[in-house]
Every structure is written in C-alpha cells, then in structure tokens.
Amino acid sequence: MAHALYPHLLAPLDLGFTTLKNRVLMGSMHTGLEETKDWPRVATFYAERAQGGVALIVTGGMAPNPEGGVFPGAAGLFSDHDIANHRTVTDAVHDAGGKIAMQILHAGRYAYSPDCVGPSPIKSPISPFPPKELDEDGIEKQIADIVTAATRAREAGYDGVEIMGSEGYFLNQFLVTHTNKRTDRWGGSYENRMRLPVEVVRRAREAVGDDFIIIYRLSMIDLIPEGSTFDEVVTLARAVEAAGATIINTGIGWHEARIPTIATSVPRKGFAWVTKKLMGQVGIPLITSNRINMPDVAEDVLATGCADMVSMARPFLADADFVAKAAAGKADQITPCIACNQACLDHTFSGKMTSCLVNPRACHETELRYDPVAVPRRIAVVGAGAAGLAAAMVAAERGHHVVLFDKAAQIGGQLNMAKEIPGKEEFKGLVRWFETSVATRGIDLRLGVAPTVDDLTGFDEVIVATGVKPRDPGIPGQDGPNVFNYIEVLAGKAMVGPRVAVVGAGGIGFDVAEYLVHQGESPTEVPELWRREWGVGDPSVNRGGLAPEGPRPAAPARQVTLLQRKNEKPGKRLGKTTGWIHRASLQMKGVTMMAGVNYERIDADGLHISHGAARENPTLIACDTVVLCAGQMVERTLADELTAAGVACHVIGGADVATELDAKRAIDQGSRLAAAL
Ligand code: NAP
Ligand code: SF4
C-alpha cells in the first residue's frame, strides 16, 4: 500500500533480481573515513544510515588503482586484504537491513598526483599535474583494474558498484573534446569517445554476473565549454543500458565548472529538470540529484516525473534517520542539511575528517555519543544561539532537565541574521528545526528573560552561551547618521542609501554586501532567475548546458564597496569550496573590493581611507551609507558575574572565542560539552 505522506518516495523499486525498499539512495561522499583504516568506525557510520531506512548506500569513491586515486594514498580496493576490511562494512550494513554499493572512482587528470593519467596530456585548471596520455595498453589496464575492483566489491559483499562517469573524472574526460584530443579508436567521433565508459560497463557486467547492481553515474550537464550535448547524453545512456547498467545516476557539472551545483545558494531540486529530460529515453531507472534535502522536495521530484529515485548525500550526514523520520510523519524533526559545505566538503578539501555543521556526530559516531544519563541533572543554558541550542538539545536528549534562557523574543541568535541573506534561505529551516527540537525534547524555554546570577545558583550546571557583540572599529565619525552596524541593516532598521561602503570583508561583510546588492526575489527561490544569473542553459540547445550569453545577473540594487585592512585577497578566508561563489556573485553585481586600506574618518561625503602601513594615497569612498562589519567581541558579562560570585559555569560559542566564530564551531562545542555532562 502506498505511503500516505510520501507515496512515491517510499515505494519499493523492483530491479528484477533484487528490490530496493524505497526510492532513496545515499549518494557517494568522500568523508575521509575509509582512509583512517578504522573499519569498525567506517562500518558504524554506514550502518547507522542503513538503520535509518535508506534503501541503498553508495560508499565514498574507491580507487581501482593507485594512479586513479584522487590523491596519493586515497582509499581503494586493491588487494584481497582490502576485501576482508570492506566486508566489515557490508556485513554491518546488511545486519542493519540496508544495501550498499561501492563507488569506483578513477580520477584521471583530477588525481592530485604526478602519476595521474588521462586521454590527452591536458592539465585541469584545478590540479597542478598534467596527466600522462594513456596508450592502448594503458587504457586496457585501466579498464581491467576497474573491472577487477568491481569483482572484488562483489567478493567483499557489496550489493553493487557505482561506476563514476561524471563530474569530470576519468571516464567523463574521454567523452568530450575539451579533454580528449585523441585520434585513435578512443577519440575523435562521439562513438569513439564513449567507447571507454561503455566498455567499462560491458566488461564489468560480464565479470560480476547478472544479479549485481551496476549504477552508472552519467554527467547529464557538464557546465564546461565543449561539454556534451544532450543528444550525446541520450546516446551514452542507451549504450550504457545496453552494456548492462542497472540504474543511471545523474552527475551535474564538472568540478572545474564555474557554476555552483550544490552550494546553499543553488535552488532546491535545481537540476532535477536535467534528469527529467532523459526520462523515457531508456528502460532502466534514473536517479536524480543535487540540492534535494527534505522528503517533500524528494517526493515532489518523483511525483512530477523527474526521476525514478533520488540521491541525497549530505542530508545523510545531517541526519542518519532521514527516511525513518519521514516514514513516521516526523519530517519536521529531520536535522536539515543547509548545504553549507562547511564541515563536509570544506573539510575534505583541507585534508580533515568530514563532519557536519548541524550534526557533529557525522563520521564521529564511535567517539561522540549521546548516551542516556543515569542521574539527570538540572542544567541552565543561557543564550539560545547555535552553541546554546546545541548544548540544550544534546543535554535534553540524554535525559537532563534543561532550562534554556534567551533575552530575545525568539531563538536562533545570529542564525536569524544569516537567514535574511539572499542565498542563505536554508537557515530558516534550521531555525525552525531548532524550534521543533526544543519543543519535542521537553526543554523549558524561557524567552525574553536575561537571568541574573541569583536566578542561576540553584542549577547543577550552568552553560553560558551569550554570544558576541559587534566590534567597535573606532573610526572617527562613525557615530554619524549615515553609519550603521550589520545588525541594524539586517534587521531592516537602517535607511541604506544607493552607494554603500562596507567596513570589514569577513563572512558577515560578504553576506551584508550580498544583501545590499539584491532586490526583489532571491534567485535561490526562483530557479529561472538563478539559471539566468549563472548562465545555465539547456544542454539540448547549448553544448555542456552553458548559456551562450554567459551569466546575466539582475542589475545591482546598490553600488557597494567592500573593504578590509589586511592586504590579502578579500574572501580568502571564506569556505574553501564556497568562497569562490561568494566572490563571483559579488563581482557579477559590480561590488568593488579593496584590501590593505586604513579607515581615516567618516563624514557626510562618505568614508575616507588611506593605503598601506604609511597611510598613503588618501581616497574618498563617496557613499551615502557606511555599514560596520568589523568582526565580533565576546559577550561575557554574565560569565564574569557568575565567576565573581563563585558560581562555576561553562562558557561556549562566541562568548568563549569570538574570533572567526561560526555556527560549526559553536554547535560542535555545545554538543560535545553536553555529551560529557
Ligand atoms: P570575521 O570573519 O572575523 O571578519 C571580521 C572583519 O572585520 C574582517 O574583514 C576584518 O578584516 C575586519 N576587522 C577586524 N577588526 C577590525 C577593526 N578594528 N576595524 C575595522 N575592521 C576590522 O567576522 P565576521 O565577518 O563578523 O563574521 C563572523 C563569523 O561568522 C565569520 O568569521 C564566519 O565564520 C561566520 N560567518 C560565516 C559565513 C560563511 O559564509 N561561512 C558567513 C557569515 C558569517 P581586517 O582586520 O583586515 O580589516
Ligand atoms: Fe550539509 Fe553543511 Fe552538514 Fe555539509 S556540513 S552535510 S553541507 S549541513
């Protein structure tokens, strides 16, 4: 019988030799877990997701051979010894009632190694190493290694493999003339260029037998110059089906594409239309992907015929029980992935273990546990921003009695500012989720209350999460009527003129600039606008899906100058995988960015600056309004009063360390403290 709430999402999918219990695939993510070689830890991570009801998990990319690894030492399945390790994982997932496929990822020229290989010796813009051009024997070796990885995966107990053919990796590199300049049977015509992926699938199928899932991840819109046309996509999909693929998964954009594909500012389900174009062209199921993060979004994608199944990856870092909660009618309790990349992809690209901003347990399941307490205590948490909320929620989940105070009329603290920024709408859902969680976990919430030392003396533990206050940059003239701080601006309490100087180019300076240059609807909520803004076209008309006119952003609402004192590229310290998007977005809106400046004074004409240590070259930034985004200072008044009165307290979040505070650190610190109380 169809599920009442999500009839499409929770319907089984019959693959002939096996059945998936619902339409949810946990997409492949490179977490860094496999590289730890701590296989029980890897197994626990995947088993928790299987326990939570996802039908089919795809592992992080496993290299078929050392030259195909994304970096030297990347995890792979090279030997019989590896097979036993991987069996720890597959057994745990099967015991939890799930299914798991291993992704075979050959990075080709994206491998961060001098040993990387590719169709032609053309360096990628995101790697310093030009690939070695493979000869016929070299290509045969790569095929053989991929096929061997598939047979080893079967031996290791996997239910299938996903052959990674998208995102600009090895197989994808053969498909397009952008990277394939060969003149032999592996290059030239499209038939030749697609020979490699099709041969890989055909030979893998021969080797693994009929009753083993082979997913082929196919780049349906490359978003690069000289990318595939949609006719080529259809041709490849049919050939891959004929070669023995069980399912085709969607890949969106090469890693070198200059169009965001998964960042939070990409509209929800923003690329499902691409998969929909392929529906009906092949007989096997299609999976769609990218920016699908809630059950209603996924249900809608399936109900409107965009695909047969949905892939979600990061949402399973945020909440292992995503499917179970949806099935139980508790979607409002699903911890939402806000697509920030801050603790997942940004970590991966800095060589750090993946975690999740909203769920610090992700990939740390064996080490960070929220076990029930034997003796509940009375815990006061002061401040319902990210740090305080996390501490309160984990403490309550463990069984403590929690009273949560905030002097404001609503919870969320600085998160309420983030949600005002165009492109950061996901923060609204995060604050809503915190509200639901506070209510369902029985936390005694006292809003509009700033407790005194006396109010707090009766508690067993006091947690101070009073956050931050804006730093006073002390610029002469900053008390004039044309100067506001970011809080006044984002609260809509400032009359901001058409020409603005923003003092401070940190996370908030960038956000405020984004807020000021936009008018009307946020492109994140209007997919057509967003596609126009970034220059995404129809791959049936424009090769690779690049609009020939390029990006066509709406005219900026204001003329903004963004300034910082440090003599370094503005935005350098923003997220590793998202900083370029923020910079590109502001550049498209004509924002001028200036580094290495001194703020001399503000008057009715605008902001007077000078340059460099010698304060040379005095310049007027003529503007109507100056907005101060000069960072944060700790707000520790209460903590100091408690300490003076001899009341012990724990200080977390911005109240602890204000410098470059972000929600990731705040939530992690709050959660870890509460896990230890
Ligand atoms: P921030 O990132 O620490 O940046 C503070 C800015 O103020 C810097 O540009 C700094 O540059 C400038 N500044 C510092 N002292 C100053 C002074 N005395 N006079 C004038 N300028 C001064 O802090 P934030 O922008 O307030 O953001 C707070 C945190 O929220 C961020 O660090 C970030 O982690 C988080 N956040 C993150 C995002 C994100 O996209 N991930 C977005 C928003 C907020 P100079 O010292 O060079 O002038
Ligand atoms: Fe999603 Fe951000 Fe968590 Fe990554 S860190 S899974 S993007 S919420």
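Indexing begins at 1, ligand by ligand and atom by atom, following the structure's order.
A salt bridge links Glu426 with Arg268: the closest approach of a Lys/Arg side-chain nitrogen to an acidic carboxylate oxygen falls below 4.0 angstrom.
The backbone N or O of Thr59 lies less than 3.5 Å from a partner atom in the side chain of Ser28, making a donor-acceptor pair. Thr264 places no side-chain N or O within donor-acceptor distance of the main-chain N or O of Lys424, the cut-off being under 3.5 Å. Side chain of Asp603 to main chain of Asp605: a donor-acceptor pair is present (N/O by atom type, distance under 3.5 Å, no hydrogens or angles). A donor-acceptor pair under 3.5 Å is absent between the side-chain atoms of Lys269 and the main chain of Asn293, judged by distance alone. Using a distance-only test at 3.5 Å, with no hydrogens or angles considered, a donor-acceptor pair links the side chain of Glu365 to the main chain of Cys363.
Across every non-hydrogen atom of Glu635 and Thr466, the tightest pair is O-OG1, 2.6 Å. Closest of all the heavy-atom pairs between Ala639 and Val464 is CB-CG1, 4.2 Å. Here the shortest heavy-atom pairing between Ala630 and Arg471 reads O-NH1, 2.6 Å. The two atoms that bring Arg361 and Leu368 nearest to each other are NE-O, 2.6 Å, heavy atoms only. Scanning both residues, Asn249 and Ser311, for their nearest heavy atoms gives OD1-CB, 4.1 Å.
For atom 10 (C) of ligand 1, the nearest protein heavy atom (residue, atom name, distance) is Lys566 NZ, 3.8 Å. Ranking the protein heavy atoms by distance from atom 19 (N) of ligand 1 puts Pro473 CB, 3.4 Å first. Counting only heavy atoms of the protein, atom 29 (C) of ligand 1 lies nearest to Leu661 O, 2.7 Å. Nearest protein neighbour of atom 13 (N) of ligand 1, counting heavy atoms only, is Ala630 O, 3.5 Å. Nearest to atom 23 (O) of ligand 1 among the protein's heavy atoms is Gly631 CA, 3.8 Å. Of all protein heavy atoms, the one lying nearest to atom 32 (O) of ligand 1 is Glu660 CA, 3.2 Å. Nearest to atom 27 (O) of ligand 1 among the protein's heavy atoms is Ile508 CG1, 3.4 Å. The shortest contact between atom 40 (O) of ligand 1 and any protein heavy atom is with Lys424 NZ, 3.4 Å.
In terms of N/O distances under 3.5 Å, ligand 1 is not approached by Val503. Polar contact check, Gly504 against ligand 1: no nitrogen or oxygen pair lies under 3.5 Å apart. Polar contact with ligand 1: present for Gly507 (N/O pair, distance under 3.5 Å). Residue Asp511 places no N or O, backbone or side chain, under 3.5 Å from any N or O of ligand 1. Here's the thing with Gly506: one of its N/O atoms is less than 3.5 angstrom from an N/O atom of ligand 1. For the pair Arg471 and ligand 1, the shortest N or O to N or O distance falls below 3.5 Å. Some N or O of Arg565 is nearer than 3.5 Å to an N or O of ligand 1, by distance alone.
Within ligand 1, the atoms closer than 4.0 Å to a non-hydrogen atom of Gln632 are 24 (P), 26 (O), 27 (O), 28 (C), numbered from 1 in the order shown. Shown in contact with Cys629 at under 4.0 Å from a heavy atom are these atoms of ligand 1, numbered in order with element: 6 (C), 7 (O). Below 4.0 Å from some heavy atom of Ala505 lie the following atoms of ligand 1, by number and element: 9 (O).
In this structure, the ring of His255 has its center less than 6.0 angstrom from the ring center of Tyr169.
Counting heavy atoms closer than 4.0 Å to ligand 1, residue Tyr599 contributes side-chain atoms (C-beta onward) but none from N, CA, C or O. At a heavy-atom cutoff of 4.0 Å, ligand 1 is contacted by no atom of Ala418, backbone or side chain. With a 4.0 Å heavy-atom cut-off, ligand 1 is reached by no atom of Arg573.
For the side-chain hydrogen bond (donor to acceptor under 3.5 Å, both in side chains) test with Glu514, the passing option among Ser522, Ser585, Ser265 is Ser585; the others fail. Results of the side-chain hydrogen bond (donor to acceptor under 3.5 Å, both in side chains) test with His347 over Gln342, Lys664, His30 single out Lys664 as the only residue that passes.
Proximity of Gln342 to ligand 1 is established by a heavy-atom distance of less than 4.0 Å.
Within the protein, the number of N, O or S atoms lying under 2.8 Å from atom 1 (Fe) of ligand 2 is 1.
Ring pair Trp254/Tyr110 is perpendicular by interplanar angle, where above 60° counts as perpendicular and below 30° as parallel.
Annotation: Lys576, atom NZ; neighbour count of heavy atoms from other residues, nucleotides and ligands within 6.0 Å does not exceed 12. Counting heavy atoms of neighbouring residues, nucleotides and ligands inside a 6.0 Å radius, atom CD of Glu521 does not exceed 12 of them.
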